[in-house]
Amino acid sequence: MKSYEVNFDGLVGPTHNYGGLSYGNVASQSNSQQSSNPKEAALQGLAKMKALMEMGFQQGVLAPQERPDVAALRRLGFAGSDAQVIERAAKDAMPLLVASCSASSMWVANAATVSPSADTADGRVHFTAANLNCKYHRSIEHPTTSRVLGAMFADQQHFAHHAALPAVAQFGDEGAANHTRFCRDYGQAGVEFFVFGRSAFDTRYPAPQKYPARQTLEASQAVARLHGLSDDGVVYAQQNPSVIDQGVFHNDVIAVGNGEVLFYHEDAFLETDKMLAELDAKLGKRGGNFQSICVPRSQVTVEDAVRSYLFNSQLLSRADGSMLLIVPEECRGNERVWQYLQGLTSSGGLIREVKVFDLKQSMQNGGGPACLRLRVALNQTELAAVNPGVIMTAPLYGTLTQWVDKHYRDRLSENDLADPQLLLECRTALDELTQILKLGAVYPFQIN
Ligand code: SUG
């Protein structure tokens with residue numbers, strides 16, 4: 001049976017703004033307080049989805065969340081009508097209002113970890129929503145994420161959903177941003193590669209000195225257990241703590257993999273040779289031929305990688321077996337990175353083409369092409385069981401661009417977040433969206 005990697009991209013929500021909320025994420029910190037353009041952000045994301053669909057890739061869409069999250073503000077003690085909750089938070093605790101308005105759910109690489117049915121003990125596709133508990137504004141995503149994923153992948157015969165791990169730092173889990181799957185074919189058993197930043201319980205593992213390591217080894221192990229993965233099909237590796245301290249807050253900022261290929265920076269991991277040997281041996285046992293492409297620091301520094309998001313690219317397999325790299329415009333703007341990419345595609349290796357996308361609105365918060373997508377490997381039967389409302393088509397693209405044009409503002413600054421009108425605008429837009437995507441009631445304002 002034919003199998004596919006389906007990319008579900010996060011649709012940018014109407015409150016997209018630069019809140020400076022992510023300590024350790026250089027772009028989020030340096031663009032804090034700038035005014036944003038939510039309309040442009042959503043259209044940039046939709047343009048990428050459309051382009052991939054037109055290139056023949058399977059493409060889906062993942063809905064944004066209800067923001068401002070009034071229910072979250074109520075849990076923090078703000079009371080009264082919805083408008084009063086927002087007014088009071090704006091007056092007494094602006095940082096909490098900003099956090100409750102973040103459109104950060106757009107970076108769906110952090111929504112969940114997904115294991116395809118070929119890897120799991122019960123032969124179903126498994127999803128574990130990420131608790132994202134390192135940052136308050138992201139920790140409030142998972143309940144709605146679970147409802148949206150449940151509405152997209154509802155068929156229990158094919159799909160199994162796990163709630164987020166316990167919401168404590170020891171089980172810090174950032175989802176697919178720290179998870180890669182290698183395989184010979186999407187439908188065959190593969191090797192799932194979990195990259196962690198620190199261990200919560202074992203002091204032998206070093207930790208970064210400056211910025212937080214968001215993913216723990218224990219969280220990755222719990223996800224592998226929940227998904228019923230076998231030890232033969234799992235490899236754990238530690239991220240180099242010194243790159244976390246240079247702004248690599250997720251592994252997908254310094255490495256990307258697909259099929260049999262890992263594309264990574266020389267400084268990305270600890271004990272790299274051991275890790276590569278294990279990947280090679282385990283994939284070999286599953287009929288695969290593991291290949292790695294190491295980008296040397298002499299050609300691209302970690303700083304270049306963080307600024308350009310070279311590794312936050314989408315590595316896609318084409319029908320002829322060659323690969324295509326989807327990179328953000330910032331890669332073209334960095335001379336060393338661009339030169340490296342020219343050399344890579346002309347060397348006769350596997351990666352033959354680079355396509356550049358303008359995702360500046362998301363990039364300014366530290367979210368590149370790979371952050372914006374959640375990969376779900378599905379066979380034909382499973383793909384047919386996905387809610388068809390979320391699969392990208394030319395008519396759906398047209399409907400969603402019109403929906404964005406109708407509902408989104410083209411300028412948003414911190415003061416605007418305190419405007420109760422914004423809440424009404426967002427709810428009206430999202431109510432319409434759940435009908436467009438045929439999701440049913442998934443948002444707190446629709447349920448309570
Ligand atoms: O979690 N930025 C996100 C970016 C996530 C990128 N995802 C991956 N690498 N997969 C984060 O740091 C910034 C929000 C703000 O500052 O307004 C933010 O949440």
Side-chain angles (χ1 to χ4, degrees), residues 7-10 12-38 41 45 62 64-65 67-69 94-114 130-142 145 172-180 195 197 211-215 239 243-244 247-257 268 305-314 326 328 330 359-375 412-414 416-417:
N7 282 278
F8 290 87
D9 274 46
V12 179
T15 58
H16 160 62
N17 74 97
Y18 300 117
L21 299 170
S22 279
Y23 179 67
N25 167 342
V26 178
S28 153
Q29 297 278 271
S30 51
N31 292 304
S32 173
Q33 309 292 312
Q34 278 198 34
S35 72
S36 63
N37 184 335
L62 220 151
Q65 304 210 349
R67 297 287 182 273
D69 189 336
M94 196 58 190
L96 297 184
L97 177 63
V98 175
S100 83
C101 288
S102 177
S104 54
S105 70
M106 72 171 91
W107 301 297
V108 294
N110 306 116
T113 306
V114 187
N131 62 25
L132 295 172
N133 89 311
C134 182
K135 309 283 175 208
Y136 171 68
H137 71 288
R138 304 222 58 185
S139 72
I140 56 178
E141 291 174 25
H142 70 85
T145 301
D173 178 20
E174 302 274 321
N178 297 315
H179 173 259
T180 309
V195 180
Y211 291 145
R214 300 194 195 183
Q215 180 88 30
Q239 225 184 330
V243 300
I244 297 180
V248 181
F249 57 97
H250 289 136
N251 179 59
D252 69 3
V253 177
I254 197 116
V256 60
V306 171
R307 291 198 181 281
S308 68
Y309 262 41
L310 165 63
F311 297 94
N312 201 260
S313 46
Q314 285 178 257
I326 303 289
E330 285 70 6
L359 297 163
K360 189 159 185 254
Q361 286 289 326
S362 166
M363 282 290 288
Q364 292 190 146
N365 251 341
C371 300
L372 286 162
R373 59 97 170 97
L374 181 67
R375 295 186 282 187
L412 207 58
S413 59
E414 195 177 278
D416 299 318
L417 303 178

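Atoms within each ligand, like the ligands themselves, are counted from 1 in listed order.
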Engineer: Under 4.0 angstrom from ligand 1, any heavy atom of N17?
Structural biologist: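 Yes; N17 lies near enough to ligand 1 that a heavy-atom distance drops under 4.0 Å.
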Engineer: With a 4.0 Å cut-off on heavy atoms, is E174 touching ligand 1?
Structural biologist: no
Engineer: If you take the nearest heavy atom of each of N365, N25, V253, which one is closest to atom 15 (C) of ligand 1?
Structural biologist: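 Checking each option, the heavy atom nearest atom 15 (C) of ligand 1 is found in N365.
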Engineer: For ligand 1 and S28, I'd like to know whether there is a polar contact (N/O to N/O, distance under 3.5 Å).
Structural biologist: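 Yes - when backbone and side-chain N and O of S28 are compared with those of ligand 1, one distance drops under 3.5 Å.
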Engineer: Can an N or O of H250 be found at a distance shorter than 3.5 Å from an N or O of ligand 1?
Structural biologist: yes
Engineer: Please report whether ligand 1 has a polar contact with D252, defined as an N or O pair separated by less than 3.5 Å (distance criterion only).
Structural biologist: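 For ligand 1, there is an N or O atom that lies under 3.5 Å from one belonging to D252.
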Engineer: For atom 18 (C) of ligand 1, which candidate among S36, S22, G20, A177 provides the closest heavy atom?
Structural biologist: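 Closest candidate by heavy-atom distance is S22.
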Engineer: Quick check: G19 and ligand 1, any N/O pair under 3.5 Å apart?
Structural biologist: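 Yes: some nitrogen or oxygen of G19 is under 3.5 Å from one in ligand 1.
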Engineer: To the nearest 0.5 Å, what is the distance between CG (N365) and CG (N25)?
Structural biologist: 7.0 Å
Engineer: Any chance the side chains of T145 and Q65 put a donor and an acceptor closer than 3.5 Å?
Structural biologist: yes
Engineer: Report yes if G366 has an N/O atom closer than 3.5 Å to an N/O atom of ligand 1; otherwise report no.
Structural biologist: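 No - when backbone and side-chain N and O of G366 are compared with those of ligand 1, no distance drops under 3.5 Å.
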Engineer: Assess H137 for proximity to ligand 1: is some non-hydrogen atom of it under 4.0 Å away?
Structural biologist: yes
